[in-house]
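Right, one structure below, let's go through it.
By convention in this document, chain letters (A, B, ...) are assigned in the order of the sequence lines, proteins followed by strands, and residues within each chain are numbered from 1. What you see below is based on every heavy atom in this structure, not just the backbone, and it leaves out hydrogens, waters and symmetry mates. Since this is a predicted model, take the numbers as computed values, not measurements.
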Amino acid sequence: MHPSRVIIHADFDYFYAQCEERENPMLKDKPVVVCIYSGRSEDSGAVSTANYIARKHGVRAGIPIIMAKRKLKNTDAVFLPANFELYEKVSENIMNILRAYGDAFEQWGIDEAFIEVTQRVNGDFENARQFAQKIQTEILEKEKITVSIGAGPNKLIAKIAAGRQKPQGLTVVKPEEVEGFLAPLPVNELIGVGKKTSVVMEEMGIKTVDDLANYDLEKLIKRFGKILGVYFHNSALGIDESPVKERGMAESISRIWTLKEDTIELDKILEYAYEICTDIQARAVGLNLGFKSVTVHAVLQDMSAHSRSKTFETPTDNLETLKETTKELFQRLLNEIPEDLKARRIGVKISNFTREKQTQKQLTEFVDKT
DNA sequence: GTATGCTTTCGGC
DNA sequence: TTACGGCCGAAAGCATAC
């Protein structure tokens, strides 16, 4: 029998709102709602995150600010605009603490991370519990932020475990406990099982991870294909061999803006879009990245989202290419959306990055010369 | 029939 | 009853290739 790996997943509690509490401790006993204002009218915008006091009143990430205000009327709730510079700085500090505790480290978004601690705890899960407490203590002392931690034999179990007890939770799942831990959970707790897949599985009579674990593998493969079928089967059994490894560069850079006024005029839209192009192209150049894909995005008055994208044969970092492609894609998108609806928000994304820009340039020069 | 890549939509915070 | 951000990666769905 292989000795088990020991993986820890750390999840910063209600992160943005907790950062605000840290900066102003007077907030701690009040509902705190971190908002992103669109600037269109007094309270237009959405909730980014809220502390647990606000959540008790039904405030959730993503709801309109005006709705959150309604739920919190007659309380001393505090509504704050998101301060991303602060959150990024705090995140970076905590990530550096976590990184130092791991044999390997993998950041997951702004407020989550995996660390492999197998060597550090000698493969022992009781040590892992103490180790995790030490991490929680250090982060609390140095950064005044609480985190919830899950420990398990792999990333899948560690992540699910971290979500079981919050805030400031610590859930350790030993290898011999994995089966009992997973069995009663609904399948959508598994990574990769979203809304659509849950529905399909439910139709197949699969509601819990236990149902999935006992489902015939051949039938799973027949329905989901070999890769996904095997992946789901293994996940249900708590099997996940994926390594903890440092993430490289971001996979995409995008910006989206809310328009001052709704419009379907291409020229108006492009005024905004070209500004975004200039910004994200500069960021790509700053990171020395070429991009192969461009996506434009529009949210209409009914809040429906639409996008169009294009992938080049070779990467580029050219601003004019980006603008031309943006124009072409918005033309196409405007032709294909319902005529009676205007655009409310628009965005541009570049992705499919490569660092082979240099090679491509040389190749182009070579072709030009011949 | 499956793998792969591209496009579009979804979902978390 | 409506209301509504910005950014990211994942999921879904399709086309094409083998």
* So which nucleotide from dC13(B), dG5(C), dA3(C) ends up closest to the side chain of D111(A)? -> dC13(B)
* **From dC7(C), dA10(C), dG5(C), nucleotide with atom closest to I256(A) side chain** => dC7(C)
* Establish, from distance only, whether the side-chain atoms of T295(A) and H297(A) form a donor-acceptor pair under 3.5 Å. => no
* To do: Nearest-nucleotide wise, let me know which of F232(A) and R283(A) is further upstream toward the 5' end of DNA chain C.
  => R283(A)
* To do: Could you check how far CZ of R60(A) sits from C1' of dA3(C), rounded to whole Å?
  => 18 Å
* To do: Describe the nucleic acid contact of G109(A) in one word from base, sugar-phosphate, nothing, applying a heavy-atom distance below 4.0 Å.
  => nothing
* Of the candidate nucleotides dC8(C), dG5(C), dA3(C), which contains the atom at the shortest distance from the side chain of R70(A)? -> dA3(C)
* If every non-hydrogen atom of I350(A) is compared with every non-hydrogen atom of I280(A), which pair is closest and at what distance? -> CD1-O, 3.7 Å
* Sugar-phosphate atoms are those with a prime plus P, OP1 and OP2; base atoms are the rest. Using that split, label each nucleotide of nucleotides 3-8 of chain B B, S or - for protein heavy atoms under 4.0 Å, 5' to 3'. => S--SSS
* To do: Would you tell me if any nitrogen or oxygen in the side chain of T258(A) comes within less than 4.0 Å of OP1 or OP2 on dG6(C)?
  => yes
* **side-chain contact (heavy atoms from CB on, under 4.5 Å), paired with Y16(A), selected from N51(A), I110(A), D111(A), L80(A)** => I110(A)
* Asked: Which residue, I8(A), I135(A), V117(A), forms the side-chain contact (heavy atoms from CB on, under 4.5 Å) with Y101(A)?
  -> I135(A)
* To do: Rounded off to whole Å, could you give me the CZ-to-P distance for the R55(A) and dC13(B) pair?
  => 8 Å
* Is the phosphate of dG5(C), meaning OP1 or OP2, less than 4.0 Å from a side-chain N or O of R344(A)? -> yes
* Structure fact -> To the nearest angstrom, the CD1-C1' distance between I350(A) and dG9(C) comes to 16 Å
* Rounded distance in Å - OH (Y37(A)) to P (dC4(C)) -> 13 Å
* Is it the case that Q18(A) and D13(A) place a side-chain donor and acceptor less than 3.5 Å from each other? -> no
* Whole Å only: how far is the CZ atom of F12(A) from the P atom of dG12(B)? -> 20 Å
* OP1, OP2 of dC8(C) versus side-chain N and O of S254(A): anything below 4.0 Å? -> yes
* Check: Q119(A) main-chain N/O paired with D103(A) side-chain donor or acceptor under 3.5 Å -> yes
* Would you verify whether the NZ or CZ of K69(A) falls within 45 degrees of the ring axis of F79(A) while also being under 6.0 Å from that six-membered ring's centre? => yes
* **Phosphate OP1/OP2 of dG6(C) contacted by R345(A) side-chain N/O (<4.0 Å)** => yes
* Can you tell me how far P of dT9(B) sits from CG of L300(A), to the nearest Å? -> 10 Å
* Taking for each residue the nucleotide of DNA chain C with the nearest heavy atom, is it Q301(A) or W257(A) whose nucleotide lies nearer the 5' end? -> Q301(A)
* To do: Indicate, with a heavy-atom threshold strictly under 4.0 Å, whether D43(A) touches base, sugar-phosphate, or nothing.
  => nothing
* When all nucleic acid strands are considered with a 4.0 Å heavy-atom cut-off, which category describes I110(A): base, sugar-phosphate, or nothing? -> nothing
* To the nearest angstrom, how far is Y16(A) atom OH from dG5(C) atom C1'? -> 11 Å
* Asked: Quick one: does NZ or CZ of K323(A) land under 6.0 Å from the six-membered ring centre of Y274(A), within 45 degrees of the ring axis?
  -> yes
* Taking atom P in both dC4(C) and dC13(B), what distance in whole Å separates the two? -> 23 Å
* **Which atom of I346(A) lies closest to which atom of I276(A), heavy atoms considered** => O-CD1, 3.9 Å
* Look at all strands and tell whether V299(A) reaches a base, only sugar-phosphate, or nothing, counting heavy atoms closer than 4.0 Å. => nothing
* Structure fact -> With the side chain defined as heavy atoms from C-beta on, A61(A) is closest, among dG5(C), dG9(C), dC13(B), to dC13(B)
* Should S38(A) be listed as having a side-chain N or O under 4.0 Å from OP1 or OP2 of dG5(C)? -> yes
* Asked: Atom CH2 of W108(A) and atom C1' of dC13(B): how far apart are they, to the nearest Å?
  -> 15 Å
